2 protein chains.
Amino acid sequence: MIDEKYPPGKRKIIKALRTLLEDREFNSVTTSDIAKTAGVTEGLIYKYFANKRDLLYQVLKEHIDQFLFKVEKDLEGSLSSLDKLKAIVHSSVYSYAKHRVFAKMLLIEVRNSPDYFSSDACNLIRLHVKNILGIIETGIKNCEIKETLNPIAIREVLLGAIEQGCISKIIFNRKIDVDKITEDICDIVFNGLSQN
Amino acid sequence: MIDEKYPPGKRKIIKALRTLLEDREFNSVTTSDIAKTAGVTEGLIYKYFANKRDLLYQVLKEHIDQFLFKVEKDLEGSLSSLDKLKAIVHSSVYSYAKHRVFAKMLLIEVRNSPDYFSSDACNLIRLHVKNILGIIETGIKNCEIKETLNPIAIREVLLGAIEQGCISKIIFNRKIDVDKITEDICDIVFNGLSQN
DNA sequence: AAAGGTAAGTGAGTTTTACTTACTAAAAAG
DNA sequence: CTTTTTAGTAAGTAAAACTCACTTACCTTT
């Protein structure tokens, strides 16, 4: 998955950025910081990456690769579509909780640059998101999910809930209770909040 | 609301940024661009604003002021808590649809700078969000909303759904069907997606 | 083993951009 | 009429992203 055939300098640069992002936000990390941390010169960064953001996206892509691999595994046991959706919610929240750097990148840093949306990282996410839509559509065919609902809207509610449930904890470095957030989201979205 | 007693230079600067953000993202707008568009010198920006982001937050604050004023009005007719929540969803989506610059700032630009969270703009949002929680809690007391659910989680699902429902349309400049998105979100979140 | 080619890496620039500061002109205040 | 405050300018600085001409080292082929 992670291409170990990268030259050592390139590996060092990727690792350096990942390390730096652990306690600092992307915009405050300078190329000079990255080079120093990696033990290479600034020029080398531009040998391997088109620019600073391109480097970010490649770091992100590696994480997403691993994330999607794990999601796939987590889905194996699930039979019903609702179980699958719940497993995705759990995996996502878990991943945000465990890999805060990855979470910050995906939920915060990435959006405000149009070129993200043509990056490999974004294309991987698109695949994942298409997959979720497939599960929802299967759920509708199975009569697990109301056929009156718009599948895309369902997906957006779920993904939005996951993001919103994690983002403030990510930003303010607070604990994320994965199981509780998962239960809360699924309780609400699966059964609704209305009493009657 | 908008303090017309601002000196003309300051007004011009605020207006210039708002104009520039209509087709460009904040990070790609330079202080030199802002100054040129406003017809003042760069130095003047720093007379009135601590830095470039501070300017952004003040522009944002003006929009939020107006937004919250409108939300308040939209809530007047609603009797039940669920109606109120639906009105908030509608107002929010409407506002994102109509004021795309505001939407971009709030959904995209703002997060990735820690100092936003101590800005006036953010404090206004906090008030609004606290208000939503109040409505949910009233709904639980009224037995409109299930008392087994976590009110904060409900709010997060709703807000997340709104964001997610709008953000891709904002980014890719696609049409936002306010009524449809509102219906979709409320259908799902109020009654759940599960068939049984 | 010598030559040539290529990949990895360097380091000294350049340019751009956010921000500073010392100044001026004019209006308000005393 | 003088002083002070306010609105605004112009030139400059520092830091950051990015460039480019160059070196070193290794691999391949004759």
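Chain letters run A, B, ... following the sequence lines, proteins first and then strands; every chain starts at 1. In what follows, every heavy atom counts, from backbone to side chain, and hydrogens, waters and symmetry copies are set aside. For clarity, every value in this text was computed on a predicted model and none was experimentally measured.
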Item to complete: Scan residues 12-48 of chain A for pairs that pass ring pair (Phe, Tyr, Trp, His ring centres under 6.0 Å), counting only residues two or more places apart or in two chains.
Response: none

Kindly indicate whether the side chain of [X], heavy atoms from C-beta on, has any atom under 4.5 Å from the side chain of [Y].
X	Y	answer
E144(B)	K84(B)	no
N150(B)	E183(A)	no
V189(B)	V89(B)	no

Worksheet item: How are the rings of Y57(A) and Y116(A) set to each other: parallel, tilted or perpendicular (split at 30° and 60°)?
Response: tilted

Worksheet item: Which word best sums up how the rings of H63(B) and F102(B) line up, parallel for under 30°, tilted for 30 to 60°, or perpendicular for over 60°?
Response: parallel

Item to complete: Check whether any side-chain N or O of Y46(B) sits under 4.0 Å from OP1 or OP2 of dT20(C), and answer yes or no.
Response: no

Worksheet, complete the sentence: Paired with H90(B), the side chain to side chain donor-acceptor pair (under 3.5 Å) test is passed by just one of D74(B), D179(B), T182(B), namely D179(B)

Response to the item:
note: F49(B), atom CZ; dA18(C), atom P; distance rounded to Å ~ 15 Å

Where do N or O atoms of nucleotides 23-26 of chain D meet protein N or O atoms at under 3.5 Å, pair by pair?
none

Worksheet entry | Residue pairs, two or more places apart or on separate chains, that pass salt bridge (Lys or Arg N to Asp or Glu O under 4.0 Å) and touch residues 109-135 of chain B | R111(B)-E163(B)

Worksheet entry | Interface with DNA chain D, restricted to residues 21-37 of chain B and to heavy atoms under 4.0 Å | none

Discussion item. Starting from I152(A) and following side-chain heavy-atom contacts under 4.5 Å between hydrophobic residues (I, L, V, M, F, W, Y), which residues can be reached?
Written reply: L133(A)

Worksheet item: Do H99(B) and F67(B) have their ring centres less than 6.0 Å from each other?
Response: no

Show each protein N/O and nucleotides 8-13 of chain C N/O combination with a separation under 3.5 Å, one pair to a line.
residue, atom, partner, partner atom, Å
dG9(C), OP1, G9(A), N, 3.4
dG9(C), OP2, G9(A), N, 3.4
dG9(C), OP2, Y48(A), OH, 3.0
dG9(C), O6, K47(A), NZ, 2.6
dT10(C), OP2, T41(A), N, 3.1
dT10(C), OP2, T41(A), OG1, 3.2

